[in-house]
Amino acid sequence: LNKYVLLTEYRASRGRNKILGKLDPASMDVVGRAKEDVSLPKATMTKIIKEMLPRHVRVARDAQDLLVECCVEFINLISSESNEICSREDKRTIAPEHVMKALEVLGFGDYLEEVHLALEEHRREALDSPKGGARWGKDGMGMTEEEAVAEQQRMFAEARERMLSGSLSTPKQEGDQA
């Protein structure tokens, strides 16, 4: 709780609440939205909380809600500081380096090693996922990029031939019988 109070005082001393104007800062977050509008998925948070504790420990609903609120506040704090660092560097996109610098500035330097490991793991998973960097190769599509381009060209040629011959019938697939 002391760290939370110190961080709140730190935020106030940095003038972050000036952007809120005449609105009540207690009911608003850093970017001026009502705090009720921002949350984390309760089921996911409950699962994370349960995974972190021994099986025999139970957590009261109001304690879970408090933990979720603390997480939201932590995310807001780190996001706000990351945004300031990003702005000072005249960048428009917050990069992982900005987040790590924010953690250090806010006194969470102890987390940097674990955050760096999580970032590296995320990058590896992103490269391995079909939506990430390894879109081609012998993965879910079953063909390399070159094979896919060749197949696309073959299909274009077939479609062009059908169009020029005036035939609207679909091409016969391998194994189809006439």
Side-chain angles (χ1 to χ4, degrees), residues 1-137 139-141:
L1 186 59
N2 287 339
K3 201 167 205 177
Y4 175 76
V5 171
L6 290 173
L7 291 174
T8 304
E9 290 174 3
Y10 172 79
R11 288 174 68 195
S13 72
R14 296 281 305 252
R16 287 196 179 92
N17 292 329
K18 290 179 185 176
I19 63 171
L20 300 176
K22 296 181 181 180
L23 299 172
D24 177 21
S27 66
M28 306 298 282
D29 72 2
V30 179
V31 291
R33 291 180 294 209
K35 285 186 178 180
E36 301 83 45
D37 294 346
V38 181
S39 189
L40 295 169
K42 289 200 186 282
T44 303
M45 292 302 296
T46 301
K47 181 180 176 194
I48 291 170
I49 292 167
K50 286 181 180 179
E51 286 175 356
M52 298 302 293
L53 298 173
R55 290 180 186 227
H56 66 278
V57 175
R58 290 181 174 219
V59 181
R61 178 68 58 196
D62 57 343
Q64 287 181 11
D65 292 343
L66 180 59
L67 284 169
V68 170
E69 287 180 39
C70 289
C71 291
V72 169
E73 183 62 26
F74 181 76
I75 292 168
N76 284 334
L77 179 66
I78 300 300
S79 299
S80 177
E81 186 64 31
S82 300
N83 186 47
E84 285 187 18
I85 292 168
C86 183
S87 295
R88 282 193 298 263
E89 294 179 6
D90 291 325
K91 304 283 185 182
R92 295 179 63 192
T93 303
I94 296 174
E97 295 75 29
H98 299 130
V99 175
M100 288 190 250
K101 179 69 175 172
L103 286 167
E104 190 176 325
V105 167
L106 294 170
F108 295 103
D110 295 347
Y111 296 136
L112 288 176
E113 185 177 338
E114 196 170 333
V115 168
H116 184 70
L117 291 173
L119 175 62
E120 291 304 314
E121 181 181 340
H122 167 75
R123 286 180 174 163
R124 277 192 307 277
E125 288 174 3
L127 287 175
D128 292 340
S129 77
K131 292 184 179 183
R135 291 190 177 153
W136 301 103
D139 61 349
M141 297 197 64

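Throughout, residue positions are numbered sequentially from 1 according to the sequence presented. Everything quoted here is computed from the prediction, not taken from an experiment.
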Exercise for review: I would like to know whether Phe108 and Ile78 meet side chain to side chain contact (heavy atoms under 4.5 Å, CB included); could you show each step before the answer?
Suggested key: CA-CA 10 Å; Phe108 295 103; Ile78 300 300; 4.3 Å; yes

Exercise for review: Run the numbers on Val105 and Glu84 for side chain to side chain contact (heavy atoms under 4.5 Å, CB included), then give the verdict.
Suggested key: CA-CA 11 Å; Val105 167; Glu84 285 187 18; over 6 Å; no

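Atom CG in Asp62 sits 10.0 Å away from atom CG in Leu67 (nearest 0.5 Å). Separation of atoms CG (Asp110) and CD (Glu104) is listed at 11.0 Å; rounding is to 0.5 Å. Atoms CD and CG, on Glu81 and Leu77 in that order, are 7.5 Å from each other to the nearest 0.5 Å. Between atom CG of residue Leu106 and atom CZ of residue Phe74 there is a gap of 8.0 Å, rounded to the nearest 0.5 Å. The NZ atom of Lys101 sits 8.5 Å away from atom CZ of Arg88, with the distance rounded to the nearest 0.5 Å. Between atom CG of residue Leu103 and atom CG of residue Leu112 there is a gap of 5.5 Å, rounded to the nearest 0.5 Å.
The existence of a salt bridge linking Glu120 and Arg123 is confirmed by a sub-4.0 Å separation between a basic side-chain nitrogen and an acidic carboxylate oxygen.
The two residues Val99 and Ser82 come nearest to each other via the heavy atoms CA-OG, 3.3 Å. Closest non-hydrogen pair, Ala63 versus Val59, comes out as CB-CG1, 3.7 Å. Pairing each heavy atom of Cys71 with each of Leu40, the nearest pair is CB-CD1, 3.7 Å. Between Val68 and Ser39, the closest heavy-atom pair is CG1-OG, 3.9 Å.
Considering only residues two or more places apart in sequence or on other chains, Arg61 meets the side chain to side chain contact (heavy atoms under 4.5 Å, CB included) condition with Thr46, Gln64, Asp65. Shown here are the side chain to side chain contact (heavy atoms under 4.5 Å, CB included) partners of Glu89, two or more places apart in sequence or in another chain: Ile85, Lys91, His98. Applying the side chain to side chain contact (heavy atoms under 4.5 Å, CB included) rule to Thr44 yields the partners Pro41, Ile48; only residues at least two apart in sequence or on another chain are considered.
In Glu51, the CD atom is crowded: over 12 heavy atoms of neighbouring residues, nucleotides or ligands sit closer than 6.0 Å.
A donor-acceptor pair is defined here as one N or O able to donate and one able to accept, closer than 3.5 Å; no such pair exists between the side chain of Ser80 and the backbone of Asn76.
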